[in-house]
Every structure is written in C-alpha cells, then in structure tokens.
A.B. asks: 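Questions regarding the structure given below will be posed in turn.
In what follows, chains are A, B, ... by sequence order, proteins preceding strands, each numbered from 1. Computed from a prediction, not measured in an experiment: that's the story for all the values here.
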There are 2 protein chains.
Amino acid sequence: MEGGEETWQSEVQRQPHPYVPKDLNLAGFVPGFLSQSTILTVFGFSSLLVFSLVWFLSGRLPKLQKTDRLLMCWWLFTGLTHMILEGYFVFSPEFYKDKTACYLAEVWKEYSKGDSRYAARDSGVVAVEGITAVLEGPACLLAVYAIATRKSYSYILQVVISLGQLYGTAVYYITSYLEGDNFAASLYYYYVYFIIANASWVVIPTLIVIRCWKKICAAFQVQDKTKTKIR
Amino acid sequence: MEGGEETWQSEVQRQPHPYVPKDLNLAGFVPGFLSQSTILTVFGFSSLLVFSLVWFLSGRLPKLQKTDRLLMCWWLFTGLTHMILEGYFVFSPEFYKDKTACYLAEVWKEYSKGDSRYAARDSGVVAVEGITAVLEGPACLLAVYAIATRKSYSYILQVVISLGQLYGTAVYYITSYLEGDNFAASLYYYYVYFIIANASWVVIPTLIVIRCWKKICAAFQVQDKTKTKIR
C-alpha cells in the first residue's frame with residue numbers, strides 16, 4: 001500500500017499544470033477533480049438559494065422598497081462570497097495541492113486558469129483578497145442588517161464597501177496589466193473568468209455608489225432647508 | 001570632451017545603488033545630488049506655503065468653521081502631493097537615471113532608500129500610486145472647492161477620497177509584508193520613510209472618515225424626523 005501511494009505521489013509531482021505561464025513552478029500540483037459545469041452549478045444554486053431566502057424573508061419586513069430588498073440579496077451574496085470563497089483562498093496558500101476534491105480548492109484551481117496569479121500567490125492579489133475577505137465580507141453582512149433595520153449609516157456603509165470592491169478590482173486589473181497581462185490559459189478563460197466573472201464587482205458597486213451618493217446629497221439638502229427654516 | 005563624458009557615463013553605470021536588496025538591478029543608476037535636508041526643506045516650505053495660502057484665503061469666505069478651513073488646507077496639500085510628486089513617479093519609470101538633479105526625481109531616489117520597490121517599479125506600488133495620482137489627486141482639488149462652496153456632496157466626496165487613501169496604504173503595506181518586508185536600506189530609513197512619512201495618510205483619512213460618517217448619519221436623522229413630522 002505504502003509503495004503504491006509513493007508512486008501515486010511522485011506521479012502527482014510530475015503532473016504538469018494547466019496554467020500560463022507554463023514555467024510557473026507549482027510543485028505538488030494536483031489537477032482539479034470537479035468539472036467546470038459542476039463548479040458553476042454548485043455556485044449558481046447556492047447563490048440562487050441565498051437570493052431567494054433573503055428576498056422571501058425581507059418581504060416580511062415593513063416599509064422596505066424592492067430596491068432595498070434586492071440590495072439585501074446582493075449584500076448577503078457578495079458577503080458570503082468574500083468570506084467563504086475568497087477567505088478560503090487567502091488562508092490556503094497550497095490549495096493547488098489539495099487531493100480531497102474540496103469544493104473551495106476546486107474553485108480556485110479552476111479560476112487560476114483565468115488568472116494564474118492565484119496559484120502563484122501574487123502579493124497584489126493576496127493583499128486585495130485579504131482586505132476583501134477579512135474587512136469587506138463582514139461589512140457586507142452588516143449592510144444587510146443596516147438596510148433591514150433602516151439605520152442612518154446604511155447608505156454611507158454601502159458606499160464604503162462598494163468603493164473598497166471597486167478599488168480592489170482596479171488594483172487587480174492594473175497589476176495584471178503592469179505584469180504583462182499573460183496569466184490566462186486561453187482567450188476563453190481570459191474573457192470568461194478574468195473579465196466576465198469579475199464584471200459584476202465593477203457594475204453593481206458603481207450603481208450602488210451612484211444611488212447612495214444621490215441619497216446622501218438629498219439628505220444634506222433636506223438638512224440645509226430645515227436649518228434655513230429654523231433661522 | 002566627448003571622451004571625458006563617456007568615462008563619466010561608464011563610471012555612472014558602475015556606480016552601485018544604495019538600495020536593498022543589494023542585487024536589485026538598476027542599470028544606469030545615477031546617485032542623488034540633493035541631500036536629505038535639502039529635499040525635506042523644499043517639501044516642508046512648499047507645504048507650509050500651501051497651508052498658509054489656503055488658511056488665509058479661506059478666512060475670507062463666509063460661514064466656514066475652522067475645521068473646514070483646516071480640511072481645505074489638507075485637501076490642497078494632499079491633492080498637490082498626489083498629482084505632482086506621485087504623478088511624476090507614475091509616469092517616470094526611469095527616475096533613478098536622472099542626471100539633471102530634478103527635484104522630483106531626487107525625492108524618489110531618496111524615498112527609495114525606505115522602499116526600494118519604487119526604484120524597482122513593483123506593480124503593486126505603481127498600481128496604487130497610479131490610482132492615487134490620476135483619480136484621487138484631482139478629486140482632492142474638487143474637495144477644496146466643495147468645502148468652500150458648501151456643496152451637499154462635500155462629506156461623501158471626502159469619505160470617498162479618504163477611503164481610497166486608506167485602501168491604497170493598506171495594499172502598500174500588505175504587499176510589502178507578503179514580499180518579505182526587506183526593501184529599506186536601514187532601520188532608520190524603514191521607520192522614517194516607510195512608516196512615519198506615510199503615517200499621515202493613515203491617521204488623517206481615518207479622522208476624516210469618522211467625522212464625515214457622523215455628519216452623514218446626522219443628516220439622515222434630520223431627514224427622517226422631517227418625514228415623520230410631515231406625516
């Protein structure tokens with residue numbers, strides 16, 4: 001048995017990885033066990049579950065607009081993504097050696113085809129993911145609570161998190177460009193993983209910042225009018 | 001004459017640089033011409049001039065608190081620092097070859113003693129400095145105008161810029177830590193340039209975010225009360 005395991009391990013060590021650049025040294029790399037469709041189906045169904053649950057429960061809360069309920073869905077979805085998926089990446093530098101078909105390791109093995117800096121543990125990527133997982137993740141859950149209970153800090157909190165997401169995505173893309181923009185296994189993975197999969201974290205935070213910015217300005221205009229009336 | 005120039009150039013090429021790690025390849029490095037005290041004196045006097053000018057001019061504007069006037073000083077100072085000093089760095093990848101004793105090149109030759117990633121053009125540093133110089137710099141000038149004219153977006157704009165500064169500083173320190181935290185020529189330069197010179201961009205943005213956060217919450221509380229009264 002032991003001899004067999006050794007042979008298997010040495011085969012694993014020789015296993016070339018599917019990432020670009022090809023000369024990236026990933027000693028001990030173990031190929032993914034789950035297919036792309038399995039990974040995406042699990043992610044899609046989990047996300048759908050989170051969205052449905054929040055949509056249903058938020059409908060029982062008083063005085064919430066549909067936009068607020070949708071935002072609660074987004075914040076729980078993005079918060080859990082930050083804490084679970086990205087949190088796993090931040091604290092698992094050797095995910096590419098995983099032999100247990102652990103779903104979270106499989107996600108990053110697959111995503112690294114679009115950006116091998118994840119497997120290579122690029123410091124810019126780890127810094128951004130660290131801030132996202134540790135600070136922004138819990139803040140997203142706070143945003144769900146703040147919207148549900150109509151806190152006065154609800155809009156500024158959403159601006160703060162959304163800006164963090166936008167800044168992180170900017171650093172993510174700019175560092176890739178500066179380092180030669182050659183980390184995707186193919187054009188397919190470049191567009192589907194590197195560009196499209198990240199697009200939500202550009203478009204949605206931008207829309208949220210614009211909406212909250214307007215709400216905050218409106219609140220100050222009301223305050224100024226109230227002060228003028230008092231005078 | 002030409003022969004003399006060639007000899008001088010080849011001497012320059014052989015000139016070792018004062019940065020750590022020692023094996024950092026900086027072909028064509030030209031040592032700084034200005035002393036640390038000259039560089040700091042010019043920076044100190046320029047900053048003092050900016051502060052005095054804004055303080056004096058803002059005193060002639062109606063209804064501005066002292067805190068607002070101080071903030072206007074800060075925003076012009078930090079905006080000009082972002083646009084001029086950091087802007088020069090972003091668009092001058094070969095500053096360490098400068099032979100003209102240009103002040104801006106001298107600043108970065110000197111600062112690189114505290115963090116050689118500037119001379120080495122680390123992608124994380126360039127990404128953060130790029131966002132800071134190109135987006136945050138002009139936004140700081142807008143903040144000066146917004147405070148002076150009491151715009152309703154004044155507080156949210158200040159939060160947005162301050163958070164950008166805090167996020168940038170976080171990426172700056174975390175990437176350094178992840179890359180081994182060994183980029184300073186000595187402990188003196190580590191503490192004086194890498195830690196102390198950057199400390200203002202941690203402390204002041206944090207204070208501004210706290211202040212603006214409170215002001216924004218207060219505005220929403222006034223708005224909510226006004227709505228309740230109308231009902």
A.B. asks: I need the R150(B) CZ to D224(A) CG distance, nearest 0.5 Å.
C.D. replies: 7.0 Å
A.B. asks: Restricting to non-hydrogen atoms, name the atom on S152(B) and the atom on Q221(A) that form the minimum distance, rounded to 0.1 Å.
C.D. replies: OG-NE2, 3.2 Å
A.B. asks: At a heavy-atom separation under 4.5 Å, does V171(B) approach chain A through its side chain, its backbone, both, or neither?
C.D. replies: both
A.B. asks: Evaluate side chain to side chain contact (heavy atoms under 4.5 Å, CB included) for Y167(A) paired with I131(B), printing each intermediate quantity in order.
C.D. replies: CA-CA 9 Å; Y167(A) 199 110; I131(B) 296 170; 3.7 Å; yes
A.B. asks: Check A127(B) against L178(A) and note the closest heavy-atom contact, atom names and distance.
C.D. replies: N-CD1, 3.8 Å
A.B. asks: Which one of V209(A), I156(A), I174(A) has the most heavy-atom pairs closer than 4.5 Å to chain B?
C.D. replies: I156(A)
A.B. asks: Let me confirm one number: the CG-CG distance from L163(A) to L166(B), rounded to the nearest 0.5 Å.
C.D. replies: 11.5 Å
A.B. asks: With only heavy atoms counted, which part of Y155(A) is less than 4.5 Å from chain B, the side chain, the backbone, both or neither?
C.D. replies: side chain
A.B. asks: Please walk me through it: do W213(B) and V160(A) pass side chain to side chain contact (heavy atoms under 4.5 Å, CB included)?
C.D. replies: CA-CA 10 Å; W213(B) 180 288; V160(A) 166; 4.0 Å; yes
A.B. asks: Hey, what do you get for OG (S123(A)) to CZ (R117(B)), rounding to the nearest 0.5 Å?
C.D. replies: 7.5 Å
A.B. asks: Side chain from CB out, backbone as N, CA, C, O: work out which of these in L157(A) comes under 4.5 Å of a heavy atom of chain B, or both, or neither.
C.D. replies: both
A.B. asks: Check whether any side-chain heavy atom of F220(B) sits under 4.5 Å from a side-chain heavy atom of I216(A), and report yes or no.
C.D. replies: yes
A.B. asks: Let's test your reading of the structure: which of S176(A), S154(A), G164(A), C212(A) forms the most heavy-atom pairs below 4.5 Å with chain B?
C.D. replies: G164(A)
